[in-house]
2 protein chains.
Amino acid sequence: MPLTIKVNEETFTPRQQAVLTAALDLLVENGEGLTMTAVARRASCSKETLYKWFGDRDGLLTATVQWQAAKVRMPVVDRSHLNAKALRLSIEQFARDLLTVITGEVSVTLNRTAVTHAAQEKDSLGIIVLENGPLAIRRRLKPILEAGRDARLLRFTSSEDAYRTFFGLVVRDVQIRLLLGDKSLTQSNIEANIEADVKAATDQFFALYGAKANP
Amino acid sequence: MPLTIKVNEETFTPRQQAVLTAALDLLVENGEGLTMTAVARRASCSKETLYKWFGDRDGLLTATVQWQAAKVRMPVVDRSHLNAKALRLSIEQFARDLLTVITGEVSVTLNRTAVTHAAQEKDSLGIIVLENGPLAIRRRLKPILEAGRDARLLRFTSSEDAYRTFFGLVVRDVQIRLLLGDKSLTQSNIEANIEADVKAATDQFFALYGAKANP
DNA sequence: ATCGAACCGTACCGTACGGTACGCCTGCGG
DNA sequence: CCGCAGGCGTACCGTACGGTACGGTTCGAT
């Protein structure tokens, strides 16, 4: 019987964090390279310690994803004085952050890992990734959207729907293509277009939800 | 050395198709349940035959995904007389088909399998899924969009961009949530909202790319 | 100085699974 | 009737990997 995994306890000792870093590195380098032996060797620790700390392989995986996903923090957008320009900048900033995070190597790896995990009737990693990815962004964007509505700069009925449309406009087919390993989407390729994409998505979002838009 | 896999040859004997069906069933039932022994037992054939026909496990997997993905065919939309109403119906139909396919159990399984595969520096399955999923839809939608533009019903510069925006508006965060195993997205849940979602996405698409829209 | 906890390194075990070999049956051409 | 190709079922092999055990080492507390 494996030990209970401490999923809610986010505090890891520096040594443990070194182990998690090693595990993440292995994941990024080679998605399926995360074997207990490899992690132990990379982190210069014994397998016994891994099992003592994380219970079993799944526990180590969960801790790694959890710890790493929680590190992805969007910068908070200033909400103090909300004129049209500031709102637009905030939305643009969210689009930029969303695209940057989602196209990052770590994010792709984490999402792939979670999808693989979900393919085995285990959804814990998927929940963690969802919670720290899309849902985290949603939580931060929502007050901005509602402030925009209160200031009569935006018009929508459901902030949920508005957010999901925003997500779609920004992400489009980029994420799924990255997850599927589409070679025509290189990192430099994305970086070169990110500003144009951010602007386009923001324009479209305001076209749909701006105060002047048709209901 | 495994035999060369016949990826371009789409013709399988009925017996082979029965094997592929068994493989797909196992995949859908339990993502990681596709072991050679399990397939052989399910299809009532010998492992030796599997290896003779498909070379190795990867070949069987590729053949399964290839064969199944190619079966997903969108109905062709009539393009004969293209007034505003017909165009809108066509777009709506695409949105509906796209959503229906993407949220289907088989599609989710195939995408998960391909993502898992891509996590191991193998992108062949990802390419197959991309080619038969998003890209197939794009190929079919593109002439409709351009016909709409020629008829001055739509306005856009790049049909590529228009398609990708359409994809984003329709799919939003549904696919990634399904891939990650989000429990709050049940099949019945999606089905109940699909018509409303289709209408909303089409409305938004026309708001952005309709002839009356701002450039 | 001594003890014990924590931990490293490594050897070891069990199992699952990819891949192969082989014996047997069936159907078909001669 | 004979022989043989194709295929089924099963036994088997090798390996990779999850998980455990254990001796040796470091280090802090007493």
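The model shown is predicted, which means the values in this text are computed figures rather than measured ones. By convention in this document, chain letters (A, B, ...) are assigned in the order of the sequence lines, proteins followed by strands, and residues within each chain are numbered from 1.
Counting any heavy atom pair closer than 4.0 Å across all strands shown, B/Arg41 reaches no nucleic acid atom.
One atom, CG of B/Leu34, and another, C1' of C/dG18, lie 12 Å apart when rounded to the nearest Å. Remark: P of D/dC17 and CG of A/Leu26 are 12 Å apart, rounded to the nearest angstrom. Here D/dC12 presents its C1' atom at 17 Å from CE of B/Met36, a figure rounded to the nearest Å. Residue B/Glu48 contributes atom CD, which lies 13 Å from atom C1' of D/dC12 at whole-angstrom precision. Rounded to whole Å, atom P of D/dG14 lies 20 Å from atom CG of B/Asp56. Rounded to whole Å, the distance from CG on A/Leu50 to P on C/dA6 is 16 Å. Put simply, CG on B/Leu60 is 14 Å from C1' on C/dC17, counting in whole angstrom units. The separation between B/Lys52 atom NZ and D/dG9 atom C1' is 16 Å, rounded to whole Å.
Between A/Glu92 and A/Arg88 there is a salt bridge, with a side-chain nitrogen of the basic residue lying less than 4.0 Å from a carboxylate oxygen of the acidic one. Looking at A/Lys122 and B/Glu32, no side-chain N of the basic residue comes within less than 4.0 Å of a carboxylate O on the acidic one, giving no salt bridge. The pair A/Glu160-A/Lys142 does not count as a salt bridge, with every side-chain nitrogen at least 4.0 angstrom from each carboxylate oxygen.
Under 4.0 angstrom from either OP1 or OP2 of D/dC8 there lies at least one side-chain N or O belonging to B/Thr49. Phosphate proximity of C/dC7 to A/Trp53: present, with a side-chain N or O under 4.0 Å from OP1 or OP2.
Ring geometry, B/Phe54 versus B/Phe12: the interplanar angle falls from 30° to 60°, so the pair is classed tilted.
Of the candidate nucleotides D/dC17, C/dC17, D/dC8, D/dC8 has the atom lying nearest to any side-chain atom of B/Ser46. For A/Tyr51, whose side chain is taken as the heavy atoms from C-beta onward, the closest listed nucleotide among D/dG19, D/dC8, C/dG9 is D/dG19.
Remark: the backbone N or O of B/Leu130 is not paired with any side-chain donor or acceptor of A/Asp182 at under 3.5 angstrom.
For D/dG9, its base never sits under 3.5 Å from the side chain of B/Lys47 at any donor and acceptor pair.
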